[in-house]
Amino acid sequence: MVARIITGAHYGLKDWLVQRITALVMAVYVLLFAGTVLVCSPASFVEWQALFAPQWMRLASLLFFLSLFWHAWIGMRDILMDYIKPTALRLGLQVVVILLLVAYAAWAIQILWSN
Amino acid sequence: MKQHGIWLNNKDYLQVAMSSRPKHLNLYQIRLPLPGFVSILHRISGFGMFAFAWAILWLLQISLQSPESYEQARTFVHSWIGKLFLIGMSWAFLHHFFAGLRFLLLDTHVGVDLQGARRTSWVVLALSIVGTMMVGTSIW
């Protein structure tokens with residue numbers, strides 16, 4: 001019904017792929033983390049903190065959070081593109097989402113490396 | 001495009017396509033198909049997790065900072081509002097997780113026929129609800 005115009009920039013393909021790769025990274029991390037928590041069942045502050053002490057755990061958690069925030073950006077961008085029609089408002093909200101997610105990433109680094 | 005042996009320009013094509021399609025958009029009579037229901041819940045659960053990401057980061061921060069703030073996190077998690085929050089986030093996560101796996105299967109051409117799409121939609125709904133109930137009973 002809609003006359004499609006073929007464009008060559010492939011913007012959509014890149015985001016589609018990033019959304020799926022970040023999803024897989026998060027799925028692997030969540031399953032491994034859930035398994036670790038079930039096996040170790042940390043029941044105190046010391047045990048809980050020890051779980052995040054190894055450097056590889058901090059790096060894995062950081063990769064999870066960066067995947068999460070990148071994934072959230074693509075999802076939020078899609079939602080804003082679908083429901084917010086005035087261009088100025090949509091652009092403003094997209095900037096707010098980006099700034100928020102970048103701030104979250106910095107916050108996550110602070111949390112993971114402050115102990 | 002070529003239609004009935006003659007070449008039409010885009011405008012003519014649009015008219016042919018629109019006149020030959022029945023349109024029925026009475027919102028009181030039509031309803032979202034099951035895969036569409038799972039899809040909109042995927043969007044809603046994703047937005048919900050984005051909206052409350054600050055709370056998860058805050059909980060992780062105070063749980064790792066000091067023994068005192070760890071107790072603060074424990075108190076919150078065991079409070080009425082904390083349990084409600086955890087159950088809500090659990091549902092959002094589980095639905096988003098399973099519906100997301102379903103989308104990955106669709107990408108690899110698994111379950112794209114009508115029956116398959118409906119069946120996997122039921123599986124996603126069932127897994128997320130059962131999983132949320134398991135989380136709920138374990139923390140309440």
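So you know, we letter chains A, B, ... as the sequences are listed, proteins then strands, and number each from 1. Bear in mind the structure is a predicted one, so any value in this text is a computation, not a measurement.
- Taking the six-membered ring where tryptophan is involved, the planes of B:His96 and B:His42 are essentially parallel, since the angle between them stays under 30° and well short of 60°.
- Heavy atoms closer than 4.5 Å to chain B are found nowhere in A:Leu51, neither backbone nor side chain.
- Contact count against chain A (heavy-atom pairs under 4.5 Å) is highest for B:Gln65 among B:Arg74, B:Met49, B:Gln65, B:Glu71.
- Contacts between A:Ala23 and chain B at a heavy-atom distance below 4.5 Å are absent for every atom of the residue.
- Using a 4.5 Å cut-off between heavy atoms, A:Leu68 makes no contact with chain B at all.
- Around atom CE of A:Met81, more than 12 heavy atoms belonging to other residues, nucleotides or ligands sit under 6.0 Å away.
- With a threshold of 4.5 angstrom between heavy atoms, A:Gln19 does not approach chain B through any atom at all.
- For B:Leu104, the part lying under 4.5 angstrom from a heavy atom of chain A is the side chain only.
- The minimum heavy-atom distance linking B:Lys83 with B:Val77 is given by the pair CG-O, 3.5 Å.
- Proximity to chain B is limited to the side chain of A:Phe52, based on heavy atoms less than 4.5 angstrom apart.
- Crowding of B:Ile81 atom CD1: a count of heavy atoms from other residues, nucleotides or ligands under 6.0 Å not exceeding 12.
- Using a 4.5 Å cut-off between heavy atoms, B:Ser63 touches chain A through backbone and side chain atoms alike.
- Only the side chain of A:Trp107 comes within less than 4.5 Å of a heavy atom of chain B; its backbone N, CA, C and O stay farther away.
- For the pair A:Thr22 and A:Ser67, the tightest heavy-atom approach, listed with the atom from each and the gap, is CB-O, 3.6 Å.
- Other residues, nucleotides and ligands contribute over 12 non-hydrogen atoms within 6.0 Å of the CZ atom of B:Phe85.
- A:Val30 touches chain B through its side chain: at least one heavy atom from C-beta onward sits under 4.5 Å away, while N, CA, C and O do not.
- Remark: side-chain polar atoms of A:Gln49 are not paired, donor with acceptor, to backbone N or O of A:Phe45 under 3.5 angstrom.
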